There are 2 protein chains.
Amino acid sequence: MKIAELSKLTQVTSKTIRYYEEIGLLPEPARAANGYRVYQQEDVERLSFIRRCRDLQIPLEEIKKVLGCDHGNACEGHNNHVDDLIAAQLERVKKAKIELEALEQTLTGLLDGCDDKNSSQCNILHNLRAH
Amino acid sequence: MKIAELSKLTQVTSKTIRYYEEIGLLPEPARAANGYRVYQQEDVERLSFIRRCRDLQIPLEEIKKVLGCDHGNACEGHNNHVDDLIAAQLERVKKAKIELEALEQTLTGLLDGCDDKNSSQCNILHNLRAH
DNA sequence: TATAAAGCTTCCAGTAACAGGAAGGTCAAC
DNA sequence: GTTGACCTTCCTGTTACTGGAAGCTTTATA
């Protein structure tokens, strides 16, 4: 199949597919006589997996490790554990959530008249607001 | 004062200070005979404000608007409302939190044996895990 | 006084994960 | 035969910086 079909099947744009190839996340596909990329069924599976990971906001580097494409490894095997991948991502997400929680509180506090006048954050923002 | 002192007072690196100048967030400072940048007290206040906004993860473009440095405006006035700035950021943060919440649930579900076998996400990940 | 270290300058490259667009070749349909 | 869709490569831009090179000046030390 050509790149447009792979794109449709995986919901990943042609642009992104070429990008993944460039960074070594997808193997270089065969080429037709006219130079067009030719993909196989296994490419659909591999790219679908990548797509799902990206939906989970797992960084490309992490996905690369699990797919075994790093360190000159020619992207053949699946040696690492998907569970670890997911667990690591869950940790990142939890951490990010905690940070956003704190941010939300600070912002809400600033909007609610900034009761905590001891906060330097508050003071500076208000000084400049009064300007 | 020289750039290192401004840096210490505001907790913003010299590198970042020059960057802010480059993108027009800070006005071009006076120069000493040797070419060194020379800053005033008002630069401390302006940069502190920027620093506080960045702590709140407000994008530089938003800060720029509030400080009135856009559209060739020479960075003199503070015309817009800090409240709006904060409210807009609060909205962004809330939205991001909701997304992370959903992500966390999905990831947790995947770790907990992926009960929802109907999810294509689950299936694909598990197929590849079994591989 | 010599020299080394610290601090300043400018400019260039890299980060994450693509998207947009230019310039040009190819293929199918009308 | 020509329009339009699809393919190719290459280059730029995005956000908010950080790191580093090359080359000044200034300050501290031996």
Side-chain angles (χ1 to χ4, degrees), chain A residues 1-26 28-39 43 46-47 49-67 69-70 85 88-89 92-93 96 99 103, chain B residues 1-26 28-39 43 46-47 49-67 69-70 85 88-89 92-93 96 99 103:
Chain A
M1 74 188 75
K2 284 184 289 184
I3 198 166
E5 195 182 342
L6 179 62
S7 170
K8 189 173 291 180
L9 288 174
T10 58
Q11 301 286 78
V12 174
T13 67
S14 306
K15 215 89 181 163
T16 298
I17 294 172
R18 292 192 200 98
Y19 172 69
Y20 286 169
E21 179 187 332
E22 187 189 328
I23 64 168
L25 195 53
L26 288 178
E28 293 188 15
R31 298 285 183 141
N34 54 14
Y36 289 11
R37 288 171 175 81
V38 179
Y39 293 97
D43 294 311
R46 187 186 184 88
L47 187 51
F49 176 74
I50 296 170
R51 169 74 214 278
R52 289 303 160 200
C53 290
R54 290 300 299 138
D55 284 347
L56 299 170
Q57 294 187 23
I58 294 170
L60 292 182
E61 278 306 314
E62 293 281 306
I63 304 171
K64 222 176 187 176
K65 276 183 217 152
V66 172
L67 290 180
C69 306
D70 45 347
L85 184 70
Q89 178 62 6
R92 279 190 291 268
V93 168
E99 280 173 25
L103 250 187
Chain B
M1 75 188 75
K2 284 183 289 185
I3 198 166
E5 196 180 342
L6 178 63
S7 171
K8 191 174 290 181
L9 288 174
T10 57
Q11 302 284 78
V12 175
T13 67
S14 305
K15 213 91 179 160
T16 299
I17 294 171
R18 292 193 199 98
Y19 172 68
Y20 285 169
E21 179 187 332
E22 188 189 326
I23 63 168
L25 195 53
L26 289 177
E28 291 188 16
R31 297 287 183 140
N34 56 14
Y36 289 11
R37 288 170 175 81
V38 179
Y39 293 98
D43 294 310
R46 187 187 185 87
L47 187 51
F49 176 74
I50 295 170
R51 170 74 213 277
R52 289 303 160 200
C53 290
R54 290 300 297 138
D55 285 347
L56 299 171
Q57 295 188 20
I58 294 170
L60 292 181
E61 277 307 312
E62 292 282 306
I63 303 171
K64 220 175 188 177
K65 275 184 217 151
V66 172
L67 289 179
C69 307
D70 45 347
L85 185 70
Q89 177 61 8
R92 278 190 292 266
V93 168
E99 280 173 24
L103 250 189

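Worth saying up front: this structure is predicted, and the values here are computed from it rather than measured. To find a chain, count down the sequence lines: A is the first, B the second, and so on, and within it residues start at 1.
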How long is the line joining [atom1] of [X] and [atom2] of [N], in whole Å?
X: Glu22(A); N: dC18(C); atom1: CD; atom2: C1'; answer: 10 Å
X: Leu47(B); N: dA16(D); atom1: CG; atom2: C1'; answer: 14 Å
X: Tyr19(B); N: dC12(C); atom1: OH; atom2: P; answer: 17 Å
X: Ile50(A); N: dA16(C); atom1: CD1; atom2: C1'; answer: 16 Å
X: Ile58(B); N: dC17(D); atom1: CD1; atom2: P; answer: 13 Å
X: Arg92(A); N: dA16(C); atom1: CZ; atom2: P; answer: 13 Å
X: Glu21(A); N: dA17(C); atom1: CD; atom2: C1'; answer: 16 Å
X: Lys8(A); N: dC6(D); atom1: NZ; atom2: C1'; answer: 12 Å

To the side chain of [X], which of [options] is closest?
X: Tyr36(A); options: dT8(D), dA16(D), dT10(C); value: dT8(D)
X: Ala4(B); options: dG7(C), dC6(D), dC17(D); value: dG7(C)
X: Arg54(A); options: dC8(C), dA16(D), dA17(C); value: dA17(C)

Any [X] side-chain nitrogen or oxygen under 4.0 Å from OP1 or OP2 of [N]:
X: Arg18(B); N: dC8(C); value: no
X: Thr16(A); N: dA19(C); value: yes
X: Arg37(B); N: dG7(C); value: no
X: Asn34(A); N: dC7(D); value: no
X: Tyr20(A); N: dC18(C); value: yes
X: Ser14(A); N: dC6(D); value: no
X: Thr13(B); N: dT18(D); value: yes

Any idea which heavy atoms bring Ile3(A) and Ser14(A) closest together, and the distance? CD1-O, 3.8 Å
Could you please spell out the steps behind the salt bridge (charged side-chain N to carboxylate O under 4.0 Å, His left out) verdict for Glu28(A) and Arg37(A)? CA-CA 9 Å; Glu28(A) 293 188 15; Arg37(A) 288 171 175 81; over 6 Å; no
State whether the distance check finds a donor on one side and an acceptor on the other, under 3.5 Å, for side chain Lys15(A) versus base dG20(C). yes
For Leu85(B), is there any backbone N or O sitting under 3.5 Å from a side-chain donor or acceptor partner on Glu62(B)? no
Looking only at atom types and distance, does a side-chain atom of Arg54(A) sit under 3.5 Å from a main-chain N or O of Ile58(A), one as donor and one as acceptor? yes
Which part of the nucleic acid, if any, lies within reach of Ile3(A) when heavy atoms closer than 4.0 Å are counted: base, sugar-phosphate only, or nothing? sugar-phosphate
Would you please test Gln57(B) and Leu103(A) for side chain to side chain contact (heavy atoms under 4.5 Å, CB included) and show each step? CA-CA 8 Å; Gln57(B) 295 188 20; Leu103(A) 250 187; 3.6 Å; yes
